[in-house]
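Let me begin by presenting the structure, written as structure tokens, before commenting on it.
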Amino acid sequence: LVPVLMVWMSRVNEGSFSGSRWGLWQDRYASALRKLERRRGFLILAYLCGTIAVIAGIGGLLGAEMFPRVESNELQLRLRAAPGTSIDGTEAVLLKALDVVKTTVGAENVRLSLGFVGLHGSSYPINYLYLWDGGTEEGVLQIQLADGATKHSEDLKNKLRKQFAAQIPDVSFSFEPADLISRVTSMGVSTPIEVVVSGPNIAADRAFADKVKSKLEAIPTLDDVQYSQSLDYPTVKVAVDRERAGIIGPTMAKVSRALVPATWSSRFEIPNYWADPNTGIAYQVQTQIPQRLTTSLEDIGNLPIMEAAGMKSILLRNLGSISQGTEMSQYDRYNMQRTLTVRANISNEDLGSAARRVTKAVAELGTPPPRVSVTMRGQVAPMVEMLDGLRQGLMIAIGAIFLLLAANFQSLKLSIIVMSTAPAALAGVALALWVTHTTINLDSFMGAIMALGVAVANAILLVTFAERARISG
């Protein structure tokens with residue numbers, strides 16, 4: 001469009017340019033081109049070296065992300081209290097965290113808050129695959145702020161992290177995508193950085209995962225470094241002496257039938273329903289011991305193991321040993337192997353640079369133990385796959401355009417001249433992204449392809465006019 005308008009304006013105002021500043025500038029420009037024409041080899045070499053240097057130098061300074069970051073007035077916070085904390089304790093922590101947010105941004109700027117603590121009851125037909133939390137010690141808090149409450153959400157998150165660390169030191173926090181756009185562009189992952197350690201031996205996996213976690217905590221641009229699951233959930237181990245139990249009488253089935261209703265509910269052992277005679281609706285009837293009445297190992301040891309009618313009940317403590325221990329709260333699996341995931345958020349850095357830091361930190365740990373594998377997940381893998389696909393697509397497009405130009409002009413020389421504008425267009429894109437502090441992402445890559453197309457289209461028009469003028473003499 002620009003060359004066409006310039007030609008049209010030149011023809012319409014052909015006489016008005018003579019003696020004007022524009023005409024003088026054209027004459028000087030034409031004179032400079034005639035002088036450079038004598039050194040066309042040096043000019044071509046300098047052009048290629050300059051554009052390649054800009055692309056390689058400035059392009060190496062650009063960050064990389066999947067999508068450009070967007071500002072939002074919504075926050076989603078995941079908190080995890082000490083392993084084994086009851087729902088009441090986790091609720092108190094969540095309310096305190098909400099108070100910290102209100103104090104930081106102002107209570108009048110908190111428009112809406114929504115919290116979820118603990119697990120869904122087993123009587124609810126909800127698949128745990130879609131569950132937000134992994135135990136009673138976890139909670140999720142969603143907050144919608146008023147418009148104008150904050151200009152930069154990352155600065156607010158950093159401020160809240162400091163407040164949480166000072167006022168709620170024994171609780172771990174992690175910010176997650178909150179608004180709809182962030183959830184879609186995050187590809188469904190809760191944090192951009194995830195390092196997964198997997199293997200058949202969970203002890204070896206955890207030993208190496210602890211080293212990975214320590215390395216990630218040393219990276220200054222990573223925040224909220226933590227495991228995705230609780231690794232030391234408190235448990236009670238009941239070891240039944242089968243020889244003693246065989247002498248006394250109770251079987252393992254009877255022991256389990258006594259433990260399940262006492263520690264959870266009888267509905268997992270003997271489902272019982274009562275139908276309302278008026279409405280016909282069936283209700284589940286269950287028995288269980290309130291949690292507040294079971295506070296020690298002695299209380300569990302005093303559970304009666306019921307025998308047949310007319311026989312005395314036997315206490316659980318007489319059948320074996322009862323001790324405290326720890327286990328993982330949940331097992332995450334990938335391809336049937338148990339995995340440990342170390343996750344982290346990024347602060348004041350792009351995803352590409354943070355991924356390089358994490359890769360370097362993991363490489364410094366050396367070779368993992370036998371049969372232990374380390375994988376980078378989160379948003380890193382899809383970002384690398386997306387950018388590689390875009391680069392390959394761009395190269396294929398340039399090659400296809402070159403072949404079409406060669407078929408159109410019936411000259412490889414003219415096709416090369418047209419395509420020589422590509423390095424300058426890419427160098428201009430790199431400079432524009434660097435000046436505006438923009439990362440290489442899907443949007444900017446599409447803009448780069450469009451800029452390259454415009455440059456090639458203008459070059460085709462100029463070469464066509466120049467070739468016609470040369471042929472006509």
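- Within a 6.0 Å sphere centred on CD of Glu243, heavy atoms belonging to other residues, nucleotides or ligands number 12 at most.
- Counting heavy atoms from C-beta outward, Val358 and Ile219 have side chains that approach closer than 4.5 Å.
- Inter-residue side-chain proximity for Phe173 and Leu79 is flagged as met; some heavy-atom pair is nearer than 4.5 Å.
- A salt bridge links Glu138 with Arg80: the distance from a Lys NZ or Arg NE/NH1/NH2 to an Asp or Glu carboxylate oxygen falls below 4.0 Å.
- Residues Thr439 and Leu351 fail the side-chain proximity criterion, which asks for heavy atoms closer than 4.5 Å.
- A heavy-atom distance below 4.5 Å is not found between the side chains of Asp388 and Glu385.
- There is a side-chain donor-acceptor pair under 3.5 Å between Ser353 and Arg356.
- There is no side-chain donor-acceptor pair under 3.5 Å between Glu74 and Gln144.
- For the residue pair Ser174/Gln226, the side-chain donor-acceptor check at 3.5 Å is not satisfied.
- Within 6.0 Å of OH in Tyr334 there are 12 or fewer heavy atoms belonging to other residues, nucleotides or ligands.
- Remark: Ile346 CD1 to Glu65 CD distance equals 7.5 Å, nearest 0.5 Å.
- Atom CZ in Phe164 sits 12.0 Å away from atom NZ in Lys157 (nearest 0.5 Å).
- The residues Asp99 and Lys102 are annotated as not salt-bridged, no charged nitrogen and carboxylate oxygen being separated by less than 4.0 angstrom.
- Considering only heavy atoms from C-beta on, Met66 stays 4.5 Å or farther from Leu442 through its side chain.
- Of the N and O atoms on the side chains of Gln229 and Ser329, not one donor lies less than 3.5 Å from an acceptor on the other residue.
- A salt bridge is defined here as a Lys NZ or Arg NE, NH1 or NH2 lying under 4.0 Å from an Asp or Glu carboxylate O, and Arg161 with Asp224 meets this definition.
- One finds the CG atom of Leu62 at 9.5 Å from the CH2 atom of Trp434 (value rounded to the nearest 0.5 Å).
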